[in-house]
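Remarks on the structure that follows.
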Amino acid sequence: MSLKKTLSSIVAGAFEAAGYDGKYGDVVVSQRRDLADYQCNGALPAAKPYKKNPRQIAEEVVDNLSGHEAFTDVSLAGPGFINLRLSDEFLASFVSKMAEDGSGRMGVDLVETPQMVLVDYGGPNVAKPLHIGHLRAPVIGESIKRLSRFLGHDTLGDIHMGDWGLQMGQIITELKYRDPDMVYFDPHFEGEYPAESPVTIEDLEEIYPIASGKCKADPEWMAAAQEATADLQNGRPGYIALWRHFVDVSKVDLKKNYDKLEVEFDLWLGESDVQDLIPKMVEQLVDEGHAVRSDGALVVPVAQEDDKKEIAPLMLVKSNESVGYGTTDLATILMRVRDQNPDAILYVVDGRQQYHFRQVFRAAYKSGIADQEKVSLEHNYFGTVNGKDGKPFKTREGGVMRLEDLIEMVVEKAYERMAEIDAAADYPPEERAEIARQVGIAALKFADLVNHRTGDYVFDLDRFSSFEGRTGPYLLYAVVRTRSILRKAAEQGLTAGKILPAASEAEREVYMKLLELPETLEYAFETRAPNHLCDFAYNLATLFNRFYREHHILTESDKARQASWLGLSRLTADVLTLTLDLLGISVPERM
Ligand code: ARG
């Protein structure tokens, strides 16, 4: 059990012994660390139901707690706060347990009731290059997925590719223009289509902007692209064969980029995977009266009486018989309920799609495609990455910032920064390159995750990549340096030993922070907000650095104390490594 839960149950016992409900016993880390370590505020809400002065209740609880071995001081403060000062032995015993937890869980319990959690993140569109707008979904989604899994939930991440849209018809049309004699365009062709793709990813990257540009400029091109899209969606064999190639070629490229970002999907499903489900779904929605005709289209009204702003019906089937984004997302819920039976589907998608998800979720609940009691549909949205001008971040020339170029840029910067502090200077080039990649990715991801996901932030590579301040590189460096102390100690024949009661305030603060790990993880997951992990890691690293500055571990003459400090160093490095891993950030062996 975590420190906080243990303390809460001790205080709950004291409430009960005085005749009150134990639920008032919950403790929190004290707001006033000069006065207390933890505090319980339960006497205040207890006052009303028991019709008593909160101070009086608190006093009775304080009496019951005094003399308990966990505390050196229990006192009443203000209108009825109970201040708790923990004994050094009690604190150390918890840190020891954490250090000796051989499971890799660092004393964090698995959840009691695991849920099936499906995280929908990534959302790249096949055959279009990834750009900066595709950065946050994988970064935030990966962290939420890892956290969910670590806590013990049955968790799957699905990339949910946009692989069925207009861009396909646009590319097909442009290809046909360039090379009309390809077999894919011969309606009478009955043989096997070539196994080899007629286009590479570079071709697609060259073709797509031209194709989409022509469609924007010329309605005739647009009409042709729409027709090709419709033909594809109706199963025209040559187009399906071409489309397969586009998807396969794109996937290889997507995987390459996501690998660099250390993002890994369990499911590579996409919009195309649910198309078979749509006709029956539509039929059922019509039969059950959830879908209605409107101007030749089929729509699902989703407005509710208490809406402050009007919310339009979800477009199910357009008057030209085509189906769109909302229909596909609805069918995807249907498929997920059928295949994974999730307790929660977390959509880590741009905040500009809030309206879309509101419509989709309402339609899903209303129609019973998802049972509101059983499945939590959540849009865990995020804000925009801006430039210093406060507008979405662009290249220096004002163009769209491709994700690949962005990654290259941060890795370049990492090299520069490493040179500034002489890091990895004489390592083999491959190792240096890998370290630079890790430092660059840590800079990029941490800078993104440290902000609450719903806010926008300004892309400032100089700040993100610094080895000082609230940054990924600072944290990597903290871990690497701690590990190097442990290595040096090992070379001198010194090993970590039993954690002793803290001998200094600086040391005690590290203990206190370490013991906040379980609740930090829980809270970050419950709020789907990895920024809490960033704060925790940064605060822990800072406290540890202070401790490290104040004590000379390797030259300490008290051997038991030295062994305890080495134990604390190892535990801190392990906890930081775990926390970074849950953020999707990996730590180099050395630097
Ligand atoms: N492909 C979409 C886009 O680029 C994002 C998909 C997000 N996930 C979803 N289930 N709608 O906007």
Side-chain angles (χ1 to χ4, degrees), residues 117-142 144-145 156-171 204 208-209 212 229 233 243 246-247 250-251 253-254 257-258 263 265-275 277-278 281 300 302 314-316 323-340 342 344-365 369-370 375-385 392 400-403 453 528:
V117 178
L118 210 150
V119 190
D120 176 319
Y121 67 113
N125 297 316
V126 164
K128 295 191 201 176
L130 290 170
H131 57 76
I132 189 156
H134 298 106
L135 174 67
R136 300 201 75 185
V139 169
I140 300 166
E142 180 73 13
I144 292 177
K145 182 197 73 180
L156 286 176
D158 180 8
I159 188 168
H160 197 74
M161 283 180 291
D163 59 358
W164 203 236
L166 180 65
Q167 80 265 32
M168 297 302 174
Q170 292 175 322
I171 295 171
L204 285 177
Y208 173 71
S212 109
T229 309
Q233 297 185 347
W243 167 80
F246 300 163
V247 173
S250 286
K251 267 191 185 168
D253 186 61
L254 287 172
N257 280 296
Y258 289 124
V263 169
F265 299 97
D266 306 296
L267 301 172
W268 280 74
L269 297 171
E271 296 178 354
S272 67
D273 290 289
V274 297
Q275 298 307 318
L277 299 175
I278 289 178
M281 178 183 82
V300 180
V302 293
L314 176 106
M315 178 57 74
L316 196 61
V323 299
Y325 191 42
T327 318
T328 300
D329 259 326
L330 202 55
T332 306
I333 297 175
L334 185 77
M335 177 180 71
R336 288 171 174 167
V337 169
R338 182 193 71 187
D339 295 349
Q340 284 91 23
I345 308 179
L346 312 182
Y347 293 84
V348 182
V349 181
D350 198 302
R352 285 166 285 197
Q353 297 194 25
Q354 287 180 77
Y355 192 77
H356 163 75
F357 283 110
R358 202 168 303 136
Q359 290 179 311
V360 171
F361 295 170
R362 283 188 180 190
Y365 284 141
I369 286 176
V375 195
S376 170
L377 300 172
E378 298 174 30
H379 182 196
N380 299 152
Y381 67 90
F382 52 79
T384 308
V385 185
V400 176
M401 184 50 130
R402 294 183 35 175
L403 196 57
R453 58 177 165 71
R528 326 296 190 211

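First listed ligand is number 1; within each ligand, the first listed atom is number 1. These values consider heavy atoms only, across backbone and side chains, with no hydrogens, waters or symmetry-generated copies. Treat the numbers as computed from the prediction; the structure is a model and nothing was measured.
- Contacts between Trp164 and ligand 1, counted as non-hydrogen atom pairs separated by less than 4.0 Å, are absent for every part of the residue.
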Go through the steps to decide whether Asp329 and His356 satisfy the test side-chain hydrogen bond (donor to acceptor under 3.5 Å, both in side chains), and finish with yes or no.
CA-CA 10 Å; Asp329 259 326; His356 163 75; 2.8 Å; yes

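- The N/O atoms of Gln353, backbone and side chain alike, include one that comes under 3.5 Å of an N/O atom in ligand 1.
- For Asp329, every heavy-atom contact with ligand 1 shorter than 4.0 Å involves the side chain, none the backbone.
- With hydrogens and angles ignored, the 3.5 Å screen pairs a side-chain donor or acceptor of Trp243 with a backbone N or O of Asp163.
- Checking only distances, Gly123 does come within under 3.5 Å of ligand 1, N or O to N or O.
- Listed here is the closest heavy atom pair of Ile140 and Phe382: CD1-CB, 3.7 Å.
- Distances from ligand 1 to the non-hydrogen atoms of Tyr121 include no value under 4.0 Å.
- The contact set between ligand 1 and Tyr347, taken as ligand atoms under 4.0 Å from a residue heavy atom, comprises 10 (N).
- Counting only heavy atoms from C-beta outward, the side chains of Leu346 and Asp120 never approach each other to under 4.5 Å.
- Considering Lys128, His160, Arg352 only, the shortest heavy-atom separation from atom 9 (C) of ligand 1 involves His160.
- Put simply, no part of Met161 is less than 4.0 Å from ligand 1, judged by heavy atoms.
- Taking atom 4 (O) of ligand 1 as the reference point, the nearest protein heavy-atom neighbour is Asn125 ND2, 3.0 Å.
- Under 3.5 Å, the side chains of Gln353 and Tyr347 contain no donor-acceptor pair of N or O atoms.
- Nearest protein heavy-atom contact of atom 5 (C) of ligand 1 is Tyr325 OH, 3.4 Å.
- Of the possible polar contacts, one joining the Gln354 side chain to the Gly351 backbone as a donor-acceptor pair under 3.5 Å is found.
- Between Phe265 and Trp268, the distance from one ring center to the other falls under 6.0 angstrom.
- Inter-residue side-chain proximity for Leu330 and Leu316 is flagged as met; some heavy-atom pair is nearer than 4.5 Å.
- Each of the atoms 8 (N), 9 (C), 10 (N) of ligand 1 lies under 4.0 Å from some heavy atom of Asp120.
- Heavy atoms of Asp350 found under 4.0 angstrom from ligand 1: none, in either backbone or side chain.
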